[in-house]
Amino acid sequence: MSRIAYVNGRYVPHREAAVHVEDRGYQFADAVYEVVHVHDGRFVDEEPHLDRLERSLREIRIPMPMPRTALQRVLREVVRRNRIAEGIVYFQISRGVARRDHAFPARPVPPALVVTAKRLKPFPTRIEGWKATAITHPDQRWARCDIKTVGLLPNVLARQAAVEKGATEAIMIAPDGTVTEGASTTVWIVDAEGRLRTRDLGGNILPGCTRQVLMGLMREEGIAFLEGPFTEAELRSAREAFITSASSFVKPILAIDGVKVGDGTPGPVTRRLFEIFARHVGGMRNVPRAA
C-alpha cells in the first residue's frame with residue numbers, strides 16, 4: 001500500500017505529495033512544524049505538542065489553517081490511512097503561497113498544511129540497547145530557537161558532524177561556553193555533585209514537550225532538578241547525561257567526544273527516569289486511539 005500524505009485539503013499518495021514552488025516554507029523557511037509519537041495506536045503527549053504549535057504560529061503571525069479539533073481529525077486520518085501503530089506523525093504549516101518577497105504577502109493567503117506519518121521501532125521497554133553517544137558542536141543558530149521553525153540548517157550541519165564521527169547526537173555549545181541543547185533534543189546531566197540539571201527556557205532553546213512532561217512526572221515522584229545554565233566543563237565532568245525528545249524519549253548518552261560519561265553505562269538517575277517515562281507512555285490507556 002502506498003504511503004498517504006495530506007496536502008492542503010487532499011489525501012494523496014506520498015510520491016505525489018507536493019507544494020507550490022512559491023510556498024514560503026520552501027523559499028524562506030517561513031513555517032513551523034511538530035512531531036508526535038504514536039504508541040500502540042495512541043498519540044503520546046498530543047496536547048503539549050499542539051499547544052506548542054499554536055504558540056509557534058502566534059510568534060510568527062501565521063493563523064491556524066483549521067480549528068484544533070479539525071487538525072486532530074486530519075492527523076488521525078493520516079495515521080489510520082498509513083496503518084501506523086508505532087511511529088510518528090509530522091505536520092508542517094507555512095504562511096502559504098505568494099509571489100516571492102521577504103515581507104508578508106500584502107493580501108492574506110491561506111496557510112499551507114502538510115501531514116505525513118511513518119513507522120518506527122516500538123517504544124523501548126528496557127534501557128539496555130537504548131543508548132547513544134554525542135559530540136560537542138558550536139551553536140550557530142538564530143536567536144529565536146524557542147519557535148519550532150523549519151529553518152534547521154545549523155541543526156542539520158551539527159547532526160551531520162555527529163554522524164560523520166559515528167555519534168548519535170550533537171550537543172551544542174553557545175559562545176559563552178554554556179550548553180544549550182542537542183541538534184534535535186533536550187540535554188540533561190547529573191553533575192559531579194549529583195544534581196539533575198537541564199537548561200532553563202529562553203529564546204536560545206526549544207521548549208521540549210517531552211522535557212515538559214518529564215518534569216511534571218518528576219514533580220509527582222518528588223525528584224528534584226535544577227533549570228539553569230551549565231557549562232561545557234560541567235557537561236564533561238557529569239556523572240550521567242541523557243537526552244529527551246518525542247522520538248528519543250529518555251535516552252542515555254554514554255560518551256561525549258569519545259570520552260565515557262561516568263563509567264560508560266546508563267546511570268541510576270537516567271534508569272529511573274527512563275522507567276518513569278516508560279510507565280507514562282504505557283499507561284496512556286485513557287487516550288483515544290489514533291485509528
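Between Ala161 and His137, the closest heavy-atom pair is CB-CD2, 3.7 Å. Scanning both residues, Arg24 and Ala103, for their nearest heavy atoms gives NH1-O, 3.2 Å. Minimum heavy-atom separation, Leu120 to Ile88: CD1-CG2, 3.4 Å. Across all their heavy atoms, Pro266 and Pro252 have their closest contact at CG-CG, 3.9 Å. When every heavy atom of Met66 is checked against every heavy atom of Val74, the shortest pair comes out as SD-CG2, 3.9 Å. Residues Phe274 and Val250 share a closest heavy-atom pair of CD1-O, 3.4 Å.
For the pair Thr180 (side chain) and Met172 (backbone), a donor-acceptor distance under 3.5 Å is present. For the pair Thr185 (side chain) and Thr244 (backbone), a donor-acceptor distance under 3.5 Å is absent. In this structure, Ser56 contributes its side chain and Arg52 its backbone to a donor-acceptor pair below 3.5 Å. Between the side chain of Asp191 and the main chain of Gly194, a donor-acceptor pair closer than 3.5 Å is present. A donor-acceptor distance shorter than 3.5 angstrom exists from the side chain of His49 to the backbone of Val35, with no hydrogens or angles considered. Judged by distance alone, with hydrogens and angles left aside, the side-chain atoms of Arg239 form a donor-acceptor pair with the main-chain N or O of Ala192 at under 3.5 Å. Judged purely by atom type and a 3.5 angstrom limit, Arg76 has no side-chain atom pairing as donor or acceptor with the backbone of Leu71. When atom types are taken as modelled, the side chain of Thr210 and the backbone of Ser245 share a donor-acceptor pair closer than 3.5 angstrom. For Arg95 (side chain) and Arg61 (main-chain N/O), a donor-acceptor pair under 3.5 Å exists by modelled atom type. Judged purely by atom type and a 3.5 angstrom limit, Thr149 uses its side chain to pair as donor or acceptor with the backbone of Ala29.
At a threshold of 4.5 Å between side-chain heavy atoms, the hydrophobic network of Ile, Leu, Val, Met, Phe, Trp and Tyr places Phe28 and Val97 in two separate groups. One hydrophobic cluster, built from ILVMFWY side chains closer than 4.5 Å, holds both Ile93 and Val79. Ile276 is connected to Phe242 through a chain of hydrophobic side-chain contacts under 4.5 Å among Ile, Leu, Val, Met, Phe, Trp and Tyr, so both are in one cluster. Under the 4.5 Å side-chain heavy-atom criterion for Ile, Leu, Val, Met, Phe, Trp and Tyr, Val269 and Met218 are members of the same hydrophobic cluster. In terms of hydrophobic clustering, with Ile, Leu, Val, Met, Phe, Trp and Tyr side chains grouped at heavy-atom distances under 4.5 Å, Tyr90 and Val38 are assigned to different clusters.
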Residues Ile84, Val89; criterion side-chain contact (heavy atoms from CB on, under 4.5 Å); working and verdict | CA-CA 9 Å; Ile84 303 293; Val89 59; over 6 Å; no
Decide yes or no on side-chain contact (heavy atoms from CB on, under 4.5 Å) for Arg68 and Arg73, but give the supporting numbers first.
-> CA-CA 9 Å; Arg68 185 162 173 157; Arg73 287 195 295 271; over 6 Å; no
Stepwise, does the side-chain hydrogen bond (donor to acceptor under 3.5 Å, both in side chains) test hold for Asp30 with Ser94?
-> CA-CA 6 Å; Asp30 190 2; Ser94 82; over 6 Å; no
Take Ser247 and His37 through the side-chain contact (heavy atoms from CB on, under 4.5 Å) test and state the conclusion after the steps.
-> CA-CA 6 Å; Ser247 56; His37 180 64; 5.7 Å; no
List the steps and the verdict of salt bridge (charged side-chain N to carboxylate O under 4.0 Å, His left out) for Lys165 and Asp257.
-> CA-CA 9 Å; Lys165 293 182 179 180; Asp257 291 328; 5.6 Å; no
side-chain contact (heavy atoms from CB on, under 4.5 Å) evaluation trace for Leu57 with Met64 = CA-CA 7 Å; Leu57 289 170; Met64 280 280 279; 3.5 Å; yes
Given the rule in the side-chain hydrogen bond (donor to acceptor under 3.5 Å, both in side chains) test, do Gln72 and Glu46 qualify, once you have shown the distances and angles that lead to the verdict?
-> CA-CA 9 Å; Gln72 289 174 300; Glu46 177 185 14; 3.1 Å; yes
Evaluate salt bridge (charged side-chain N to carboxylate O under 4.0 Å, His left out) for Glu275 paired with Arg126, printing each intermediate quantity in order.
-> CA-CA 8 Å; Glu275 293 168 359; Arg126 300 176 68 250; over 6 Å; no
What pairs of donor and acceptor atoms, side-chain ones from residues 198-209 against any protein atom, are under 3.5 angstrom apart with sequence neighbours left out?
| unit_1 | atom_1 | unit_2 | atom_2 | d |
| --- | --- | --- | --- | --- |
| Thr198 | OG1 | Val187 | O | 2.8 |
| Arg199 | NH1 | Thr178 | OG1 | 2.8 |
| Arg199 | NH1 | Val179 | O | 2.8 |

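In this pair, Phe277 and His280 present their aromatic rings tilted. The plane angle is within the 30 to 60° band.
A salt bridge is defined here as a Lys NZ or Arg NE, NH1 or NH2 lying under 4.0 Å from an Asp or Glu carboxylate O, and Arg55 with Asp146 meets this definition. We find that Lys118 and Glu86 are not joined by a salt bridge, their nearest charged nitrogen and carboxylate oxygen being 4.0 Å or further apart. The residues Glu240 and Arg271 are annotated as not salt-bridged, no charged nitrogen and carboxylate oxygen being separated by less than 4.0 angstrom. Between Arg81 and Glu77 a salt bridge is recorded (basic side-chain N to carboxylate O distance below 4.0 Å). In this structure, Glu169 does not pair ionically with Lys251, as no charged nitrogen and carboxylate oxygen lie closer than 4.0 Å. One finds a salt bridge joining Glu227 and Arg211 here, because a Lys/Arg side-chain nitrogen approaches an Asp/Glu carboxylate oxygen to under 4.0 Å.
Between Asn155 atom CG and Gln140 atom CD the span is 10.5 Å, to the nearest 0.5 Å. Here CD1 of Ile189 is found 12.0 Å from CZ of Arg236. Values are rounded to the nearest 0.5 Å. The CH2 atom of Trp188 lies 11.0 Å from the OG1 atom of Thr270; values are rounded to the nearest 0.5 Å. Rounding to the nearest 0.5 angstrom, the gap separating the CD atom in Glu59 from the NZ atom in Lys148 is 15.0 Å. To the nearest 0.5 Å, atom CD1 of residue Ile173 and atom CG of residue Leu235 are 6.0 Å apart. Interatomic distance, Glu16 CD to Ile4 CD1, rounded to the nearest 0.5 Å: 9.0 Å.
At a threshold of 4.5 Å between non-hydrogen side-chain atoms, the residues Leu50 and Phe91 count as touching. In this structure, the side chains of Leu226 and Leu196 stay at 4.5 Å or more apart for every pair of heavy atoms. Considering only heavy atoms from C-beta on, Ile62 stays 4.5 Å or farther from Val32 through its side chain. Taking 4.5 Å as the limit, some side-chain heavy atom of Arg100 sits within range of a side-chain heavy atom of His102. At a threshold of 4.5 Å between non-hydrogen side-chain atoms, the residues Thr116 and Val78 do not count as touching. Contact of the His39 side chain with the Pro122 side chain is not registered, since no non-hydrogen atoms from C-beta on lie closer than 4.5 Å. Using a 4.5 Å heavy-atom cutoff, the side chains of Leu157 and Gln160 are not in contact. With contacts defined as side-chain heavy-atom distances shorter than 4.5 Å, the pair Val36/Asp45 does not qualify.
Aromatic pair Phe123/Phe249: ring centres closer than 6.0 Å.
Asn82 and His14 share no donor-acceptor pair across their side chains, judged by distance under 3.5 Å alone.
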